[in-house]
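What follows is a set of notes on a single structure, which appears directly below.
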Protein chains: 2
Amino acid sequence: MVMNIKNSRESVNSCSHCNLKKVCFPHGLSADELSTFENSVDKTVKIQKKEKLFSRGDPLTSVYAIKAGSIKTYLSTSKGQSQVLGFHMPGDLLGFDGFADDRHTSNAVAMEDTILCELPMSNFENLCEILPGLRKVMMQQVGGEINRHHSLVLTLGQMQTEERLATFLLRLSCYYQVRGFSCTQFNLPMPRHDLANFLGMAPETLSRMFAKLEKQKVVSIKRREVNILDMDGLLGLSHEICTHAEV
Amino acid sequence: MVMNIKNSRESVNSCSHCNLKKVCFPHGLSADELSTFENSVDKTVKIQKKEKLFSRGDPLTSVYAIKAGSIKTYLSTSKGQSQVLGFHMPGDLLGFDGFADDRHTSNAVAMEDTILCELPMSNFENLCEILPGLRKVMMQQVGGEINRHHSLVLTLGQMQTEERLATFLLRLSCYYQVRGFSCTQFNLPMPRHDLANFLGMAPETLSRMFAKLEKQKVVSIKRREVNILDMDGLLGLSHEICTHAEV
DNA sequence: TATAACGCTTGATATTTATCATGAATGTTT
DNA sequence: AAACATTCATGATAAATATCAAGCGTTATA
C-alpha cells in the first residue's frame with residue numbers, strides 16, 4: 001500500500017497520447033471506450049528507488065501500469081530467502097496477484113525512480129461492466145502473465161544455467177524490440193544479484209555464464225551493458241517452446 | 001481441440017446440485033446468476049485416459065471445469081523435453097493459457113478417464129457482461145492460478161529437492177482437505193515420472209527423496225499411497241511463504 | 001584525496017543432483 | 001501361468017552448481 005511521504009500523486013496525461021498505448025491498457029479499447037477509461041485513471045503515483053509499491057498482505061486497492069521506471073516483484077520465505085518473480089517495465093501491468101482474495105500475495109519494489117498510472121479497484125469493476133473492450137484487454141493481459149509464468153517454470157524446471165541466461169537475454173531483447181528500442185544493445189535494469197535470484201542460480205554462477213557467453217562471442221557484457229553479437233548463436237543456446245511438437 | 005471419436009458430449013446436471021459448487025464456478029454466483037449461468041454450461045465432455053483435451057496452438061474454444069478425473073498440463077520444447085505445469089483435479093478450471101491470443105499455449109491430457117463441464121467462449125463473453133458475480137469469480141480463479149504459479153516458481157527457484165517434495169505433499173494435502181477428503185491419507189494421481197518432471201528433478205532423485213522422508217518417519221509411501229505420519233515434521237521441512245517478512 | 005562500501009569476477013573446493021546401470025515389484029498380455 | 005512391459009528403487013559414478021574465499025574496479029563517503 002502506498003502510504004509513504006515520498007509518494008506523490010498528480011493528474012495524468014491522457015492514455016490516448018501515451019507513447020505506451022500499443023502495449024498497455026489502451027491497446028484493444030475503441031476511441032469511445034478509451035475516453036471513458038482514461039477518466040478513471042486519474043492519478044499517477046511516483047515512487048523512488050527502493051520504495052515499495054505494495055507488500056504481501058496489503059489490500060488490493062488498485063491495478064497499476066508502469067509509465068516510466070521499473071519494478072521488481074518477489075516472494076519471501078520464512079527462511080529469509082526470496083524469489084524474484086519478475087522485472088516489470090513501462091507498459092507492464094501490476095496487481096493481478098491480489099485478485100484471488102483482494103490482498104497482495106507478493107511484494108513490489110521500485111528498482112529506480114518510477115512513475116505509475118493507477119486504476120483504483122472501485123472504478124475497475126464498474127468499467128469492466130460497461131466496457132467490453134476492457135474485459136477483452138484484461139483477459140489478454142492476464143493470459144499474457146500466465147503464459148510468462150509458464151515460460152519461467154519451464155526455464156527453472158528444465159534448463160541448465162547457461163540456457164536460462166540465454167533465454168532471459170532473448171526475452172529481454174524481444175521486450176525492447178516491441179517497444180521500439182534496439183534488440184541487440186540494451187542495459188540490464190537489474191543488478192546481478194537479482195537476476196541470479198530470478199533465474200534460480202547463485203550470483204557467481206551467473207557471472208560464470210556471462211563469461212562463457214562472452215568467450216563464445218555470442219554477447220559482450222560490460223557491467224550492465226549488453227551487446228548481442230550473434231543472435232543466431234544465442235537462439236541456438238536456448239530451446240524455448242516447440243511450435244509443433246507432442247510430448 | 002476435442003475432435004476425437006472417443007469423446008462424447010451430453011447435457012449436464014445443474015451446477016446448483018454439483019458437489020463441487022464450493023470450489024468451482026458457482027462459488028460466488030447468486031442463485032439468480034447461477035441459474036442463468038448453468039444454462040450456458042450445457043455440455044459435458046468425456047475423454048479417456050491419455051487423450052488430449054487441447055494442444056498448443058489450438059484455438060481457444062472453451063473454458064473447462066473438471067467434474068471427475070484428472071488432467072495434466074504441460075509445455076514442450078524444441079529439444080523434446082517437456083515441463084509439467086500442473087495436475088488438475090475436480091473443481092479446477094482449465095483454459096486460461098489461451099486468453100492472451102485466443103490460442104492455447106500449453107497442452108492438456110487426461111491422466112485417467114475424465115469428465116469436464118464445458119463453457120464455450122461464445123457464451124462466456126456474454127455472461128461476463130450480464131453477471132457481475134461471474135466477473136468476480138473469474139478474477140478470483142485467475143488470481144488463484146497466478147498465485148499458484150508464483151508458488152511453483154519459488155519452489156523451483158529456491159528449494160532443494162527434499163523441500164520441493166515436502167512442499168508438494170503439503171499442497172496436495174490441503175487440496176484434498178478443502179474438498180472434504182483426508183489430508184493425511186491419499187493417493188498420488190500421477191506416476192513418479194510426471195511428478196519428478198513437475199518438481200524439476202530426475203525420477204531417481206524423487207525416489208530417493210521419498211525414501212528419505214520415509215526414513216525420517218514423516219510420511220510412508222507405498223506405490224502411490226501416501227500417508228502423512230508427522231504433519232509438523234513435514235511442515236518443518238517446507239519453508240513456504242512468509243506472512244510477515246521483508247526482503 | 002583517502003577510504004570505505006558495493007557490485008562483480010574468478011579460483012578452489014564441497015555439495016547436490018543427474019546419469020548410468022541394475023534389479024525388484026507390479027501389472028498386462030498371451 | 002508364462003512372458004513381457006511398466007513402474008519404481010537403489011548403488012556407483014559423473015557432472016553441474018553452490019559455497020567459500022580472495023581480489024579488483026567502480027562508486028560513494030568522509
Side-chain angles (χ1 to χ4, degrees), chain A residues 48-50 72 79-84 87 111-112 155-169 187-216 219-227 237 239 247, chain B residues 48-50 72 79-84 87 111-112 155-169 187-216 219-227 237 239 247:
Chain A
Q48 294 193 332
K49 187 174 179 174
K50 298 195 179 178
K72 172 181 79 169
K79 262 166 119 177
Q81 295 172 301
S82 68
Q83 169 67 45
V84 173
F87 305 106
M111 296 160 68
E112 59 193 309
T155 302
L156 293 173
Q158 300 300 320
M159 296 180 188
Q160 310 222 114
T161 53
E162 184 187 23
E163 190 174 358
R164 287 184 212 174
L165 176 55
T167 303
F168 171 80
L169 290 173
N187 276 20
L188 298 176
M190 75 294 286
R192 297 283 190 276
H193 172 83
D194 283 342
L195 180 53
N197 177 286
F198 177 65
L199 295 176
M201 64 184 80
E204 294 93 332
T205 305
L206 178 62
S207 224
R208 282 183 242 273
M209 292 307 137
F210 269 129
K212 200 170 169 188
L213 294 184
E214 284 211 279
K215 199 156 70 180
Q216 295 174 262
V219 300
S220 78
I221 317 273
K222 198 179 193 180
R223 309 289 286 177
R224 302 222 187 151
E225 294 164 31
V226 176
N227 198 336
L237 291 172
H239 296 85
V247 104
Chain B
Q48 296 193 331
K49 186 174 179 174
K50 298 196 179 176
K72 173 181 79 170
K79 261 167 120 177
Q81 294 172 300
S82 69
Q83 170 68 43
V84 173
F87 305 106
M111 295 159 68
E112 59 193 308
T155 303
L156 293 173
Q158 300 300 321
M159 296 179 187
Q160 311 224 113
T161 54
E162 184 187 23
E163 189 174 358
R164 287 184 212 175
L165 176 55
T167 303
F168 172 80
L169 291 174
N187 275 21
L188 297 176
M190 75 294 287
R192 296 285 191 276
H193 172 81
D194 283 341
L195 180 53
N197 177 286
F198 177 64
L199 295 175
M201 63 183 80
E204 295 93 331
T205 305
L206 178 62
S207 226
R208 282 183 242 273
M209 292 307 137
F210 269 129
K212 200 170 171 189
L213 294 184
E214 285 210 278
K215 199 155 72 180
Q216 295 173 261
V219 299
S220 78
I221 317 273
K222 198 179 192 180
R223 303 296 281 181
R224 301 220 187 154
E225 294 163 33
V226 176
N227 198 336
L237 291 172
H239 296 84
V247 106

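Residue numbers begin at 1 in each chain, while the letters A, B, ... track the order of the sequences. Hydrogens, waters and symmetry mates play no part in the numbers below; they use all other heavy atoms, side chains included. Owing to the predicted nature of the structure, the values given are computational and were not obtained by experimental measurement.
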Can a donor-acceptor pair under 3.5 Å be found between the side-chain atoms of Arg208(B) and the base atoms of dT19(C)? yes
Spacing of Gln160(A) atom CD relative to dT19(C) atom C1', expressed in whole Å: 12 Å
Could you tell me how far apart Leu206(A) (CG) and dT10(C) (C1') are, to the nearest whole angstrom? 14 Å
Figure out the CG/P separation between Leu195(A) and dT9(C), and round it to whole Å. 11 Å
Nearest whole Å is fine: how far is dT28(C) C1' from Lys49(B) NZ? 12 Å
Sub-3.5 Å donor-acceptor pair from the side chain of Glu162(A) to the main-chain atoms of Leu237(A), do we have one? no
Please state how far atom CZ in Arg192(B) lies from atom C1' in dT26(C), giving the value in whole angstrom units. 13 Å
At under 4.0 Å, does any side-chain N or O of Thr205(B) touch on OP1 or OP2 of dA18(C)? yes
So Thr155(A) and Gln83(B), do their side chains get closer than 4.5 Å, heavy atoms only? no
Step by step, work out the side-chain contact (heavy atoms from CB on, under 4.5 Å) result for Asn197(A) and Gln158(B). CA-CA 8 Å; Asn197(A) 177 286; Gln158(B) 300 300 321; 3.3 Å; yes
Here the distance between atom P of dT17(C) and atom CG of Leu156(A), to the nearest Å, is 15 Å
Say you draw a straight line from CZ of Arg224(A) to CE of Met190(A); how long is it, rounded to the nearest 0.5 Å? 8.0 Å
What I'd like to find out is whether the side chain of Arg208(B) reaches to under 4.5 Å of the side chain of Glu204(B), using heavy atoms alone. yes
Phe210(A): which residues meet the ring pair (Phe, Tyr, Trp, His ring centres under 6.0 Å) condition with it, sequence neighbours left out? none
Can you check side-chain contact (heavy atoms from CB on, under 4.5 Å) on Leu188(B) and Phe87(B), steps first, answer last? CA-CA 10 Å; Leu188(B) 297 176; Phe87(B) 305 106; over 6 Å; no
Residue pair Met209(A) / Leu199(A), side-chain heavy-atom distance below 4.5 Å: no
Rounded to whole Å, the NZ-P distance (Lys215(A) to dT9(C)) equals 15 Å
Take Met201(A) and Arg164(A) through the test side-chain contact (heavy atoms from CB on, under 4.5 Å) and record every step on the way to the result. CA-CA 9 Å; Met201(A) 64 184 80; Arg164(A) 287 184 212 174; 4.0 Å; yes
Using a 4.0 Å heavy-atom cut-off across all strands, classify Glu204(A) as base, sugar-phosphate, or nothing. base
How bent is the helix from dT1(C)-dA30(D) to dT30(C)-dA1(D), measuring the angle between the end axes built from five pairs each, rounded to 10°? 40°
On DNA chain D, more 5' by nearest nucleotide between Met209(A) and Arg223(A) is Met209(A)
Could you check whether Ser207(B) gets within reach of a base, just the sugar-phosphate, or nothing at all, counting any heavy atom under 4.0 Å? base
Walking along DNA chain D from 5' to 3', note the first and the last nucleotide with an atom under 4.0 Å from a heavy atom of chain A, and give both. dA16(D) to dC20(D)
Give the rounded distance in Å between these two atoms: CZ of Phe210(A) and C1' of dC8(C). 11 Å
